[in-house]
Chemist: 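Quick one: the structure is below, questions incoming.
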Amino acid sequence: SKDSSNRDGLESMPQWELGSAIINAASFSYSYKPENLLIDFNMGMWWTTGKYNQHNGYAEDVGAKNAGQYFHTYDDDRKGINLTNTSSLSNTPVNLTYGIEITTQKIRPLNKRYQSIWTPQATYPGDELLSAARNAQGIGKALFFNTEYDGDRFHALVGWRGHTFEINDKNQNHKIKYQERNDIF
């Protein structure tokens, strides 16, 4: 943090230490397109991992100064796979695309948080508290189906996507299952 006054002696906003993120990603794709109007298969797999050092609204290091107490670190790992196929109806401008997607996410704190004990001499860490970063695992699942008409005079796309997401939140010690949603477009 820099001095909180400028050269004229007026109060100014201090600059907090910047956060950082280290992100790695990988992906793999595979396509199978034989001489068959009904098969145009694609598979995609991906993975990202991130290590974050960020500020947020919860104190982690109770003895730190100038917003350093709000600094925390966490990992965020995500993986996913999607399988799709497109079938063309012979002698028509109609294509059907359908598939499935599955994603997982795991967020894990890398540091601990403590209750603040304030004294005239200093601030000390007390009992360990839940981390400021979420500590949870989640899985998302989706099915989809699209119909596309690509004629000479107009183009139309109609589709349906059903999806759900479930979280196992270790901080709250319970599972949250979001109601399945159906999206039509």
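Small disclaimer: the values here were computed from a predicted structure and weren't measured. Starting from 1, each residue takes its place in the sequence as its number.
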Chemist: Out of the candidates Asp75, Asp77, Asp76, only one should pair with Thr49 under the side-chain hydrogen bond (donor to acceptor under 3.5 Å, both in side chains) rule; please name it.
Modeler: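 Result for side-chain hydrogen bond (donor to acceptor under 3.5 Å, both in side chains) with Thr49: Asp77.
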Chemist: Looking at every heavy atom in both Ala25 and Thr48, which two are closest together, and how far apart are they?
Modeler: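 Smallest heavy-atom distance, with atoms named: CB-CG2, 3.7 Å.
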Chemist: So, do Phe165 and Ile176 sit near enough that their side-chain heavy atoms are less than 4.5 Å apart?
Modeler: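 No, every pair of side-chain atoms sits at 4.5 Å or beyond.
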Chemist: Under the 3.5 angstrom rule, does the side chain of Glu101 hit a backbone N or O of Leu83 as a donor-acceptor pair?
Modeler: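 Not at all, since once roles are kept as given, no pair shorter than 3.5 Å links the two residues.
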Chemist: If Ile, Leu, Val, Met, Phe, Trp and Tyr residues are connected whenever their side-chain heavy atoms lie under 4.5 Å apart, and connections chain through other members, are Met45 and Phe144 in the same group?
Modeler: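 Cluster IDs for Met45 and Phe144 differ.
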Chemist: Working to the nearest 0.5 angstrom, can you tell me the gap between Asp40 CG and Thr86 OG1?
Modeler: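 Separation between the atoms: 5.0 Å.
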Chemist: Is there side-chain contact between Glu166 and Lys141, with heavy atoms separated by less than 4.5 Å?
Modeler: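 SC-SC contact between Glu166 and Lys141 ruled out.
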Chemist: Got a sec: does the CG of Asn36 have more than 12 other heavy atoms crowding it under 6.0 Å?
Modeler: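 Buried by this count: over 12 neighbours within 6.0 Å.
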Chemist: Once you round to the nearest 0.5 Å, how far does CG of Leu96 lie from OG of Ser87?
Modeler: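 Between Leu96 CG and Ser87 OG, I get 6.0 Å after rounding to 0.5 Å.
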Chemist: What are the two closest heavy atoms between Asn171 and Asp169, and how far apart are they?
Modeler: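 Taking Asn171 first and Asp169 second, the nearest heavy atoms are N-OD1, 2.9 Å.
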Chemist: Is there side-chain contact between Asn42 and Lys33, with at least one heavy-atom pair below 4.5 Å?
Modeler: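 Yes - at least one pair of side-chain heavy atoms lies under 4.5 Å apart.
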Chemist: Distance-only, no hydrogens or angles: does the Asn168 side chain make a donor-acceptor pair with backbone N or O of Ala136 under 3.5 Å?
Modeler: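 Checking the backbone N and O of Ala136 against the side chain of Asn168, no donor-acceptor pair under 3.5 Å is found.
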Chemist: Where the side chain of Asn24 meets the backbone of Trp47, is there a donor-acceptor pair that is under 3.5 Å apart?
Modeler: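 Not at all, since once roles are kept as given, no pair shorter than 3.5 Å links the two residues.
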Chemist: Got a second to check how far Trp160's CH2 is from Phe185's CZ, nearest 0.5 Å?
Modeler: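 The CH2 atom of Trp160 sits 11.0 Å away from the CZ atom of Phe185.
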Chemist: As an exercise, state the distance from NE2 of His163 to CD1 of Ile100, rounded to the nearest 0.5 Å.
Modeler: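 Going from NE2 on His163 over to CD1 on Ile100, the span is 14.0 Å.
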Chemist: Show your reasoning for whether side-chain contact (heavy atoms from CB on, under 4.5 Å) applies to Gln105 and Ile107.
Modeler: CA-CA 7 Å; Gln105 181 178 14; Ile107 298 176; 3.5 Å; yes
Chemist: Applying a strict under-4.5 Å side-chain criterion to I, L, V, M, F, W and Y, I'd like to know whether Leu89 and Leu157 cluster together.
Modeler: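 Shared cluster, no.
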Chemist: I'd like to check the side-chain hydrogen bond (donor to acceptor under 3.5 Å, both in side chains) partners of Ser88; sequence neighbours left out, ordered by chain and number.
Modeler: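 Ser88 satisfies side-chain hydrogen bond (donor to acceptor under 3.5 Å, both in side chains) with Asn95 once adjacent residues are dropped.
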Chemist: So Arg161 and Arg181, do their side chains get closer than 4.5 Å, heavy atoms only?
Modeler: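 No; the side chains remain at least 4.5 Å from each other.
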Chemist: In Å, rounded to the nearest 0.5 Å, how long is the span from CE of Met43 to OG of Ser31?
Modeler: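 Rounded to the nearest 0.5 Å, the CE-OG separation comes out at 9.5 Å.
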Chemist: Counting C-beta onward and ignoring hydrogens, is there a side-chain heavy-atom pair between Ile23 and Tyr52 closer than 4.5 Å?
Modeler: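 When only atoms from C-beta onward are counted, Tyr52 and Ile23 do touch, with a gap below 4.5 Å.
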Chemist: Could you check whether any side-chain N or O of Thr164 sits under 3.5 Å from a backbone N or O of Tyr178, counting only pairs where one atom can act as donor and the other as acceptor?
Modeler: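 Indeed, once roles are kept as given, a pair shorter than 3.5 Å links the two residues.
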Chemist: Would you mind reporting whether Thr103 and Trp46 have side-chain heavy atoms less than 4.5 Å apart?
Modeler: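 They are in contact (side-chain heavy atoms under 4.5 Å apart), so the answer is yes.
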Chemist: Just wondering, do Arg134 and Tyr74 contact through their side chains at under 4.5 Å, heavy atoms?
Modeler: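 The answer is no; the side chains never approach within 4.5 Å.
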Chemist: Do Tyr149 and Phe145 sit in the same hydrophobic cluster, where Ile, Leu, Val, Met, Phe, Trp and Tyr count as joined when their side-chain heavy atoms come under 4.5 Å apart?
Modeler: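 Looking at the clustering, Phe145 is in the same group as Tyr149.
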Chemist: Same cluster for Val94 and Leu37 if Ile/Leu/Val/Met/Phe/Trp/Tyr side chains link at under 4.5 Å?
Modeler: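 Shared cluster, no.
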Chemist: If you count every heavy atom of other residues, nucleotides or ligands that lies below 6.0 Å from Asn173 atom CG, does the total exceed 12?
Modeler: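 At most 12 heavy atoms, drawn from other residues, nucleotides or ligands, come within 6.0 Å of this atom.
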Chemist: Ignoring hydrogens, what is the shortest heavy-atom contact between Asp150 and His155? Give both atom names and the distance.
Modeler: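 Where Asp150 meets His155 most closely, the heavy atoms are OD1-ND1, 3.2 Å.
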Chemist: Roughly how far, to the nearest 0.5 Å, is the CD1 atom of Ile39 from the CG atom of Asn85?
Modeler: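 Separation between the atoms: 6.5 Å.
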